[in-house]
Amino acid sequence: MFQSGIAFLDWLGIVAFAVTGALAASRNEMDLVGFVLLGTVTGIGGGTLRDLLLDIHPILWIEHPAYLAVCVGVSIGIFFVAHLIDSRYRLILWLDAVGLALFAAVGAERAISSHAPFIVAVTMGVITACFGGIIRDVLGQQRSIIFSREIYVTAALAAAAIFVVMAALGAPREVALVAGFAAGFGLRAGALVRGWSLPRYRARPAQLPSHTSRTNERSEYIEAALTDGFRRGPLPWEAAFLPGKFAEWTVAPSEPSIGASALAILSCERI
Amino acid sequence: MFQSGIAFLDWLGIVAFAVTGALAASRNEMDLVGFVLLGTVTGIGGGTLRDLLLDIHPILWIEHPAYLAVCVGVSIGIFFVAHLIDSRYRLILWLDAVGLALFAAVGAERAISSHAPFIVAVTMGVITACFGGIIRDVLGQQRSIIFSREIYVTAALAAAAIFVVMAALGAPREVALVAGFAAGFGLRAGALVRGWSLPRYRARPAQLPSHTSRTNERSEYIEAALTDGFRRGPLPWEAAFLPGKFAEWTVAPSEPSIGASALAILSCERI
Amino acid sequence: MFQSGIAFLDWLGIVAFAVTGALAASRNEMDLVGFVLLGTVTGIGGGTLRDLLLDIHPILWIEHPAYLAVCVGVSIGIFFVAHLIDSRYRLILWLDAVGLALFAAVGAERAISSHAPFIVAVTMGVITACFGGIIRDVLGQQRSIIFSREIYVTAALAAAAIFVVMAALGAPREVALVAGFAAGFGLRAGALVRGWSLPRYRARPAQLPSHTSRTNERSEYIEAALTDGFRRGPLPWEAAFLPGKFAEWTVAPSEPSIGASALAILSCERI
């Protein structure tokens with residue numbers, strides 16, 4: 001009974017992640033096989049890494065190939081319906097949130113079942129939860145979700161930690177799993193809806209150059225944009241009105257969709 | 001006899017992939033040790049992952065270090081002759097095709113030898129075939145070959161599936177291997193020569209903004225370029241003739257050579 | 001006694017790498033959990049891969065969770081003091097150098113202890129030393145340190161090879177370890193201080209186009225910049241003075257900080 005409950009959650013998490021992988025493939029306009037590749041890797045990537053690290057063989061999907069079949073089926077389905085989905089990116093984020101919380105709790109459970117120490121169990125929960133998405137983003141060349149400004153890895157950590165603590169305190173596993181899932185999903189949902197975040201490390205502000213010649217100013221601003229601007233937002237507004245030539249000057253940090261590229265467009269015109 | 005045949009194909013595939021890795025190093029202008037690193041990882045990466053997943057130990061190149069030595073030797077050789085090769089990128093693609101079809105069939109064979117279910121065997125063929133190249137592209141920071149517009153993963157899938165089906169139907173393994181290789185290489189060759197491809201997922205066309213002020217139009221076009229344009233080709237031509245200031249406006253999506261960067265150059269000038 | 005010496009070096013290497021991972025997180029302005037993630041992955045990534053490949057289970061940090069705890073503690077510490085460090089990038093490089101030389105020697109030692117052949121032991125040294133940093137750069141979306149213009153992988157190779165050769169010749173392991181570390185760190189230090197490097201593969205110079213119309217010239221230069229310019233430095237200076245329209249034309253290859261993005265800014269103006 002309990003095992004089948006765990007298995008159900010595993011299925012749910014795998015489906016959720018497979019959908020996010022397939023949607024990432026749709027953002028890259030891949031073909032059907034590309035959808036299957038990215039969907040499958042995302043669905044089973046985290047659990048595979050966990051099983052490898054814990055030396056659990058055969059690995060989940062080698063023992064139960066139905067997991068593979070589900071990932072393939074889900075990915076094919078998404079290939080045909082993705083255009084119906086209005087905002088794929090939002091959907092990726094929400095399904096990712098479900099998978100994240102599920103896998104964190106289930107991953108920690110599996111580690112404890114194989115007698116790993118508590119800190120290792122928490123780590124395995126985080127690995128199971130996060131590495132499917134990390135592999136998806138690396139292969140799909142998206143900006144990695146671990147850079148998400150809002151709480152992400154933290155939610156996985158909370159889910160895994162709460163499960164482990166409750167299990168250690170003797171709570172029934174079902175209760176611990178539900179509590180872990182609820183905590184992780186709640187945190188991530190708060191992050192998505194309300195923008196919850198932990199304080200981020202802040203670098204000291206860039207020191208703006210003060211120079212002599214106009215040409216210098218310009219090229220140094222360009223350089224500053226290249227080295228500093230992209231992580232600190234647009235160039236200071238006064239850069240747009242350097243005396244002389246440039247009436248307008250916009251620096252737009254890119255939407256990080258294709259690869260991790262920071263992309264600047266510097267458009268200039270004469271007054 | 002059969003074993004030595006398999007071993008020979010393994011060698012051939014490893015050499016082909018090692019060459020592609022070393023050529024990728026040459027495109028990055030790395031030093032000799034960089035060539036060896038990238039060549040070796042590409043040559044043995046896919047097989048290593050397969051052996052890890054199937055829990056086959058010692059893995060290939062630990063049991064037979066000669067595989068390592070061959071990768072090292074091939075990479076060193078390429079360091080000295082790469083400049084003689086006229087079109088490295090084409091050569092990478094063709095050798096990659098040979099390795100792809102070989103590894104897909106051989107990888108599936110090894111999985112069946114270790115009693116994996118059929119769907120797992122096909123998966124292992126695809127993993128063996130594709131992950132050397134995937135690791136090469138991730139480490140070499142090239143646009144991943146899985147995004148290839150032409151058939152790629154599909155060829156590996158075909159090679160592995162045909163091998164597995166024929167082996168399941170009782171065909172001699174030699175025959176099944178040759179058939180699998182022929183199918184995979186044939187498909188990929190057709191992709192390289194004739195541009196064969198599967199239909200790709202197509203997003204809905206970008207909706208072009210229709211706004212009021214010129215400045216808005218311009219910045220919104222920039223934004224559209226950043227979010228949509230790069231995966232849908234250049235901006236619509238009419239953008240080049242916005243009323244007023246901009247006589248010419250080209251957006252060139254980048255050659256994806258260094259990293260996965262989308263690179264836009266927006267050059268503007270007054271009429 | 002010897003074992004505890006090895007363990008101490010392992011600790012030192014893990015701390016050094018964990019610090020580099022956490023500093024990379026600070027460059028990405030991540031939150032506390034992001035620091036822990038990146039610091040931990042960097043600290044134990046190389047050793048984890050080595051243990052997986054050699055089939056040593058339980059892997060290091062599952063057997064001794066204290067390694068995990070140290071990575072977590074170090075990463076948290078860096079979160080609070082990183083702003084005190086004047087040049088994080090330099091510090092990353094130097095700590096990375098310490099970890100590199102340590103892990104190369106220790107990794108080779110562990111492989112020999114599990115009876116791997118010599119070439120495999122050297123490979124394991126290089127893997128242990130380099131893959132923590134490689135994973136850090138892939139996850140942190142920095143330009144991979146394996147592209148470092150100065151000696152890097154070579155230093156790991158030297159450390160591992162010298163250890164293996166000395167051990168094979170019957171030198172006491174302590175001596176071999178110290179010699180390997182000294183060689184690797186010395187080489188890398190020379191690279192950092194004096195710019196030591198191996199000769200790099202050099203592509204033939206880009207052939208500059210010679211065309212007819214002005215517009216063509218311009219777009220072809222842009223294309224040349226996209227395909228060739230970024231790996232060969234700025235465009236030729238004469239491009240800045242194409243007859244006619246363009247008085248100034250600068251191409252600035254990017255600082256590779258965010259992702260592997262090559263970033264060009266092409267600013268043009270009329271004379």
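When reading the values below, keep in mind they use all heavy atoms of this one structure, side chains included, and skip hydrogens, waters and symmetry mates. Each chain gets a letter, A, B and so on, in the order its sequence line appears, and its residues count up from 1.
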For the residue pair [X] and [Y], what are the closest heavy atoms and their distance?
X        : Y        : result
C:Ala22  : C:Ser75  : CB-CA, 4.0 Å
C:Cys130 : C:Val153 : SG-CG1, 4.1 Å
A:Ala121 : A:Ile112 : CB-CG1, 3.6 Å

- Message: Looking at chain A, which one of C:Thr48, C:Asp51, C:Leu68, C:Ile59 has the largest number of heavy-atom pairs inside 4.5 Å, strictly under?
- Response: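 Of C:Thr48, C:Asp51, C:Leu68, C:Ile59, C:Leu68 has the most heavy-atom pairs under 4.5 Å with chain A.
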
Chain C contact via [X] - which portion, at a heavy-atom distance below 4.5 Å:
X        : result
A:Thr123 : side chain
A:Leu53  : both
A:Ile119 : both
A:Val138 : side chain
A:Leu198 : both
A:Pro199 : backbone

- Query: With no hydrogens and no angle check, do the side chains of A:Tyr201 and C:Asn28 hold a donor and an acceptor under 3.5 Å apart?
  - Reply: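 No, because no side-chain N or O of A:Tyr201 sits under 3.5 Å from a partner of the opposite role on C:Asn28.
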
- Where on C:Ile62 is there a heavy atom nearer than 4.5 Å to chain A: the side chain, the backbone, both, or neither?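 Its backbone and side chain both get close to chain A.
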
- Query: Where on C:Phe80 is there a heavy atom nearer than 4.5 Å to chain A: the side chain, the backbone, both, or neither?
  - Reply: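 Looking at C:Phe80, nothing touches chain A.
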
- Message: With a 6.0 Å cut-off on the ring centroids, do A:Phe163 and A:Phe181 count as close?
- Response: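 No.
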
- Query: Do the ring centers of C:Phe17 and C:Phe103 come within less than 6.0 Å of each other?
  - Reply: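 For C:Phe17 and C:Phe103, the ring centres are under 6.0 Å apart.
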
- Taking the six-membered ring of A:Phe147 as reference, does the NZ or CZ atom of A:Arg143 fall below 6.0 Å from its centre and within a 45° cone about the axis?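 Cation-pi check for A:Arg143 and A:Phe147: passes.
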
